[in-house]
Amino acid sequence: QVQLVESGGGLVHTGESLRLSCAASGFTLDYYAIGWFRQAPGKAREKISCISGRDSSTYYADSVTGRFTASRENAKNTAYLQMNMLKPEDTAVYYCAADPFCNSYEGEFDYWGQGTQVTVSS
């Protein structure tokens, strides 16, 4: 069964850090880009980061550049999103998704995780 499972969300204070994990099963992550998305209450889901499968090149939205870092460990079939200097506006449900290409539209991503809640208190 193809599955992506996120973990690592939680409640933190402003300025603290979290690391999200995205573990794949049922397929090999090596050939897939992993996109990270988030959806805040009352807002549309947005892509905030992506790490490619071929060369691990990365993309970051302006809102997270310099604070978030995407990485992957293909031997563990897992991708990560390190989130530093968290702000209350980072509060959202965070999703990982897999697709052959980072520049695919959100709707084109093949596989999605269930989401993990990140809450940042001021």
Grouping I, L, V, M, F, W and Y whenever their side-chain heavy atoms are under 4.5 Å apart, do [X] and [Y] come out in a common cluster?
{"X": "Y80", "Y": "Y95", "result": "no"}
{"X": "L4", "Y": "I51", "result": "yes"}
{"X": "F37", "Y": "V120", "result": "no"}

* To do: Check for a donor-acceptor pair, side chain of Q39 on one end and backbone N or O of K43 on the other, with a separation under 3.5 Å.
  =>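 Looks like yes, one N/O pair under 3.5 Å.
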
* **Expected output: side-chain N77 to main-chain L29 donor-acceptor under 3.5 Å** =>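 Answer holds: yes.
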
* Nearest-0.5 Å distance, CG of residue L81 to CD1 of residue I34 ->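 Going from CG on L81 over to CD1 on I34, the span is 11.5 Å.
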
* NE2 on H13 to CG on L86, rounded to 0.5 Å ->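 Going from the CG atom of L86 to the NE2 atom of H13 covers 12.0 Å.
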
For the residue pair [X] and [Y], what are the closest heavy atoms and their distance?
{"X": "T78", "Y": "K76", "result": "OG1-O, 2.8 Å"}
{"X": "P88", "Y": "T14", "result": "CD-OG1, 3.4 Å"}
{"X": "M85", "Y": "S17", "result": "N-OG, 4.3 Å"}
{"X": "F109", "Y": "Y105", "result": "CD1-O, 3.4 Å"}
{"X": "L20", "Y": "M83", "result": "CG-CE, 3.7 Å"}
{"X": "C50", "Y": "A33", "result": "SG-CB, 4.0 Å"}

* Report the C-alpha distance between Y94 and E6 in whole Å, list the side-chain angles of each, state the deciding distance to 0.1 Å, and finish with yes or no for side-chain hydrogen bond (donor to acceptor under 3.5 Å, both in side chains). => CA-CA 8 Å; Y94 283 70; E6 297 114 338; over 6 Å; no

May I have all residue pairs that pass side-chain hydrogen bond (donor to acceptor under 3.5 Å, both in side chains) and include part of [range], sequence neighbours excluded?
{"range": "residues 109-122", "value": "Q117-T119"}
{"range": "residues 19-33", "value": "none"}
{"range": "residues 46-62", "value": "R38-E46, S52-D55, S52-S57, D55-S57"}

* Side-chain contact, heavy-atom cut-off 4.5 Å: I48 with F68? ->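 SC-SC contact between I48 and F68 confirmed.
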
